[in-house]
Amino acid sequence: MTRTALHPARTHRPARRVAALALAGWVTGWIAGLTVPLVALAAGETRYTMADFATVPKIDAHVHLHNADPAFVDAARRLRFKVLTINVDYPDFPPLDEQQRAAIALRQARPAEVAWAVSFSSDTSDRPEWLDATKQRIEAGLKAGAVGVKVWKNIGMSLRDRQGKLVMIDDARFQPLFSWFEERGITMLGHQGEPHNCWLPLEQMTVLNDREYFAHHPQYHMALHPEMPRWEDQMAARDRMVAAHPKLKFVGMHMASLERNVDELAAFLDRFPLAKVDLAARIGQLQYQSQRDREKVRRFMMRYQDRLMYGTDVSQSPQQSGAALMKEVEPVWRMHWRYFNTEESFKVSDLEQPVKGLGLPKAVVDKLYHLNAERSFPAAWKAAP
């Protein structure tokens, strides 16, 4: 099994990049036909303000912490944040075993603030012994407190078979593993594909961040690589996999790579009623859409309020201190809070023009920021009795 050198790593943003961006019960369709804009709050509903930021419980359900020192977690706790740190089979991160040791150490040190997700390598997935070895690794992770399993986009975008063909997520070799997840009730954190912008010419990309990145990293820019699968191929393979496992607890990372259009994400959520998504590293795409039709985005957030989880995708290297990471992350957290809670207009560096906040009700924000994550991962963020 080999990996291609064309290995998009777009969504794992160092904390300093994320900071730069900041500084500049399931609802199934009862309002599907609603046409009246949901502008005003219902009677008795209220909003949080910026002054509430440090007092409301919050979870960043998508981070990558690789330093076992809990200094960052302690600083986050002072802002009422807990975290889900996710292991990933990503070559720019430490080896999986090192990621796992750091995650377990953080979990043991701060069980009420830290949850973690285990991952595995797919490099030898064509070998007969791979499945049992992978199950054993995941079992060990679950016994050590992991609350889910991350399955990354290297399946579909870099993993190749012996003939050099890319292996997609619905390949038969992975189906026994996903069936095992389904039977055991193990939550799969799935990141398949890339932002749709990755397949567009630079001038058609919807956020400045993507234009800048792909201009400087043409090797990851799929528009320049027609030999690679299309975005539509990645999404279709993912959907076939989810459809083949109707009882699978599936969380689509990064808005399930359907960030370009909330209508497409709504259709995915309607088709797969057990699926949920996080918003990590895609809030700029929501902001882009809300510049054009704010009420449409707001209706989406209201309608699917039970199936969305807040996250950033921020990563910490083993050498970065907790204080340094917090200095970079706190502005990101505050900017996102401003977008979801207020109706203020403000500038973000992903977009050329200001964006107006969505002004969501407190009840929706509570679900987005912590209740949905707590319901999705019921064993997480609990100190030993």
Side-chain angles (χ1 to χ4, degrees), residues 18 21-22 25-27 38 41 45-65 72-73 75-86 110 112-117 147-148 187 189 251-256 259 262 265 269 276-287 290 297-314 326 329-344 346 348 355 357-378 380-382:
V18 181
L21 298 179
W26 302 320
V27 178
L38 296 171
L41 294 172
E45 289 184 333
T46 57
R47 297 187 183 114
Y48 290 120
T49 69
M50 291 306 298
D52 296 314
F53 171 76
T55 65
V56 177
K58 299 175 291 296
I59 294 171
D60 189 330
H62 193 143
V63 303
H64 305 283
L65 304 182
F72 172 76
V73 175
R77 179 175 56 197
R78 291 191 284 273
L79 298 175
R80 298 296 305 276
F81 258 108
K82 302 176 183 180
V83 298
L84 171 60
T85 183
I86 301 172
R110 301 291 187 270
E113 283 78 43
V114 178
W116 74 286
V147 297
T187 300
L189 285 66
V251 179
M253 306 278 94
H254 312 294
M255 296 177 68
E259 73 294 320
V262 293
L265 181 52
L269 293 171
K276 298 182 182 181
V277 298
D278 76 23
L279 308 184
R282 298 294 184 273
I283 293 173
Q285 300 284 357
L286 277 181
Q287 293 169 338
S290 65
V297 174
R298 194 172 188 276
R299 285 195 299 270
F300 170 82
M301 298 296 295
M302 297 286 284
R303 179 179 177 185
Y304 296 97
Q305 61 185 270
D306 295 289
R307 303 176 66 186
L308 310 173
M309 289 183 277
Y310 176 74
T312 59
D313 198 27
V314 68
M326 178 53 66
V329 173
E330 184 176 348
V332 180
W333 283 345
R334 289 185 181 273
M335 180 270 286
H336 291 160
W337 184 262
R338 188 178 185 185
Y339 175 63
F340 290 120
N341 287 279
T342 80
E343 291 191 318
E344 299 172 5
F346 57 98
V348 295
V355 64
L358 297 178
L360 298 173
K362 285 182 177 180
V364 176
V365 171
D366 285 338
K367 291 176 182 178
L368 174 65
Y369 268 89
H370 73 100
L371 292 177
N372 290 342
E374 290 165 350
R375 293 164 182 164
S376 299
F377 307 105
W381 306 293
K382 293 180 181 178

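At least one side-chain heavy atom of Val63 sits less than 4.5 Å from a side-chain heavy atom of Thr312. Within the 4.5 Å cutoff, the side chain of Pro361 has heavy atoms near those of the Met302 side chain. Considering only heavy atoms from C-beta on, Asp52 comes within 4.5 Å of Thr55 through its side chain. Within the 4.5 Å cutoff, the side chain of Met50 has heavy atoms near those of the Arg338 side chain.
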Worksheet item: Would Phe53 and Trp333 satisfy ring pair (Phe, Tyr, Trp, His ring centres under 6.0 Å), going step by step from the backbone distance to the final call?
Response: CA-CA 9 Å; Phe53 171 76; Trp333 283 345; 7.2 Å; no
Worksheet entry | Verdict with reasoning, Phe340 to Leu368, per side chain to side chain contact (heavy atoms under 4.5 Å, CB included) | CA-CA 9 Å; Phe340 290 120; Leu368 174 65; 3.9 Å; yes
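Gly359 approaches Arg298 most closely through the heavy-atom pair O-NH2, 2.8 Å. For Leu308 against Asn372, the heavy-atom pair with the smallest separation is O-ND2, 2.9 Å.
Considering His62, Gln285, Met253, Met301 as possible partners of Leu279, the one that fulfils the side chain to side chain contact (heavy atoms under 4.5 Å, CB included) test is Met301.
The structure places CD of Gln287 at 6.0 Å from NE2 of His336, a figure rounded to the nearest 0.5 Å. Going from atom CE of Met309 over to atom NZ of Lys276 covers 6.0 Å, rounded to the nearest 0.5 Å.
Using modelled atom types, one side-chain atom of Trp381 and one backbone atom of Val83 make a donor-acceptor pair closer than 3.5 Å.
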